[in-house]
Amino acid sequence: SVLQQAEHMSLFPGAFLQHLMPALCQVISNSNSHSDTRFFCLRMMSDVLAVYLTNPDMYSASLVQPQQQMQQLGDIGTGVAEVTHALDELLRVHVVPLVPVLLEQEEPMPLYALKVSRREACCCGPCGKHMLDHMWKPRCEPLCLC
């Protein structure tokens, strides 16, 4: 129902990116949550990311900045730069770490993990690599989150 009124996503990106999406990620990562609940949250997260990442009025990969240069996010506005920075932070902190774990789950979780990871395959900064390139490193190596 949230996605049927996508205009709310553009009017209130802070509510979605700083509150709803991290909460969804928390439910998805909680192995004690029922598998249907985890899958529903993953599907919703995938759909929300699709709306933000495919809308040039909300997200621009050319505006992605290195993590060290990002400012602390307070209330984010509706401008493309603010939403892009909030999305980048959400992807780095909450979404990317989930994908390797989700790929090891039973169906249909891996299919949605791949769907999510295809959406987040944007350049992560000055190193020129994609977030997905960093995900496939052995777990003992830290993610390069520029």
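Annotation for E106: atom CD does not count as buried by contact number, only 12 or fewer foreign heavy atoms lying within 6.0 Å.
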Query raised in the report: What's the verdict on side chain to side chain contact (heavy atoms under 4.5 Å, CB included) for V51 and M58, showing C-alpha distance, side-chain angles and the deciding distance?
Result: CA-CA 9 Å; V51 170; M58 289 191 241; 4.2 Å; yes
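Atom OH of Y59 sits about 10.5 Å away from atom NE2 of H85, to the nearest 0.5 Å. Put simply, CG on L42 and OG1 on T37 are 12.5 Å apart, with the number rounded to the nearest 0.5 Å. With rounding to the nearest 0.5 Å, the separation of CD in E107 from OH in Y112 is 11.5 Å. Once rounded to the nearest 0.5 Å, the distance linking NE2 of H94 with CD1 of I28 reads 11.5 Å. Taking SG of C41 as the start and CG of D36 as the end, the distance is 11.0 Å to the nearest 0.5 Å. Between the CZ atom in R43 and the CG atom in L24 there is a gap of 12.0 Å [rounded to 0.5 Å].
Both L114 and V99 belong to a common hydrophobic cluster when Ile, Leu, Val, Met, Phe, Trp and Tyr are linked at side-chain heavy-atom distances under 4.5 angstrom. Residues L87 and L20 share a hydrophobic cluster, clusters being chains of Ile/Leu/Val/Met/Phe/Trp/Tyr side chains in contact below 4.5 Å. Note: the hydrophobic cluster containing V27 does not contain L49 (ILVMFWY, side chain heavy atoms under 4.5 Å, direct or indirect links).
By the side chain to side chain contact (heavy atoms under 4.5 Å, CB included) test, P108 is found to be paired with F39, residues two or more places apart in sequence or in another chain being considered. Looking at residues two or more places apart in sequence or on another chain, you find a side chain to side chain contact (heavy atoms under 4.5 Å, CB included) between S29 and L98.
Of all the heavy atoms in D47 and K115, the pair that sits closest is OD1-NZ, 4.3 Å. Residues F16 and Y52 approach most closely at CB-OH, 3.5 Å, considering heavy atoms. Annotation for V101 and P97: closest pair CG2-O, 4.3 Å, computed over non-hydrogen atoms.
Just one residue in the list V95, D88, L90 forms a side chain to side chain contact (heavy atoms under 4.5 Å, CB included) with R92, and that residue is D88.
Checked by atom type and distance alone, the side chain of S33 never pairs as donor or acceptor with a backbone atom of R38 at under 3.5 Å.
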